[in-house]
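Nothing fancy with the numbering, it's 1 onward along the sequence. Hydrogens, waters and symmetry mates play no part in the numbers below; they use all other heavy atoms, side chains included.
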Amino acid sequence: MIQDFSSYDAYLERYKMFYNEEGDERPPFLSEDQFQYHFQLLQESYQAYEELVQMGHMDEARNYYQQVINGLENILAIADASDNFSIEIT
């Protein structure tokens, strides 16, 4: 398995593993530029999530995770990026 979580090659490997069958829940395949864009958004979204948690806005943080981060993780074929970004999910 590719060790660099943030690389396009790692995304390709994850995508093939997670979405090995076509179906309605399968997100479209991303180009390398699209991957970089969405991955940067995910990093920024985790930072915003962490700020909400630090300010004590737990309900907002939970909703933000569900509405924003979860969708980006699905697009990027990531089960949970918090381990890779060193963020603690509450």
For Ile75, side-chain contact (heavy atoms from CB on, under 4.5 Å) partners two or more places apart:
Leu30, His38

Rounded to the nearest 0.5 Å, what separation is found between the CG atom of Leu72 and the CD1 atom of Ile78?
9.0 Å

List the steps, then state whether side chain to side chain contact (heavy atoms under 4.5 Å, CB included) holds for Asn74 with Tyr19.
CA-CA 10 Å; Asn74 288 340; Tyr19 300 113; 4.1 Å; yes

Between the CD atom in Gln36 and the OG atom in Ser31, the distance rounded to the nearest 0.5 Å is 9.5 Å

Taking only residues two or more places apart in sequence, or in another chain, which ones meet Gln40 in a side-chain contact (heavy atoms from CB on, under 4.5 Å)?
Gln43, Glu44

I would like to know whether Glu73 and Tyr65 meet side chain to side chain donor-acceptor pair (under 3.5 Å); could you show each step before the answer?
CA-CA 10 Å; Glu73 288 177 336; Tyr65 184 88; 3.1 Å; yes

So that I know where these two stand, are Tyr15 and Tyr8 an aromatic pair - ring centroids less than 6.0 Å apart?
no

Value for CG (Asp9) from CD (Glu32), rounded to nearest 0.5 Å, stands at 7.5 Å

What's the separation between atom CG in Leu52 and atom CZ in Arg62, rounded to the nearest 0.5 Å?
11.5 Å

Taking the six-membered ring for Trp, are the ring centroids of Tyr49 and Tyr64 within less than 6.0 Å of each other?
no

With rounding to the nearest 0.5 angstrom, report the CD1 to CG distance, Ile69 to Asn63.
11.5 Å

Does atom CZ of Phe29 have more than 12 heavy-atom neighbours, drawn from other residues, nucleotides or ligands, at distances under 6.0 Å?
yes

Taking the side chain from Arg14 and the backbone from Phe5, do they hold a donor-acceptor pair closer than 3.5 Å?
yes

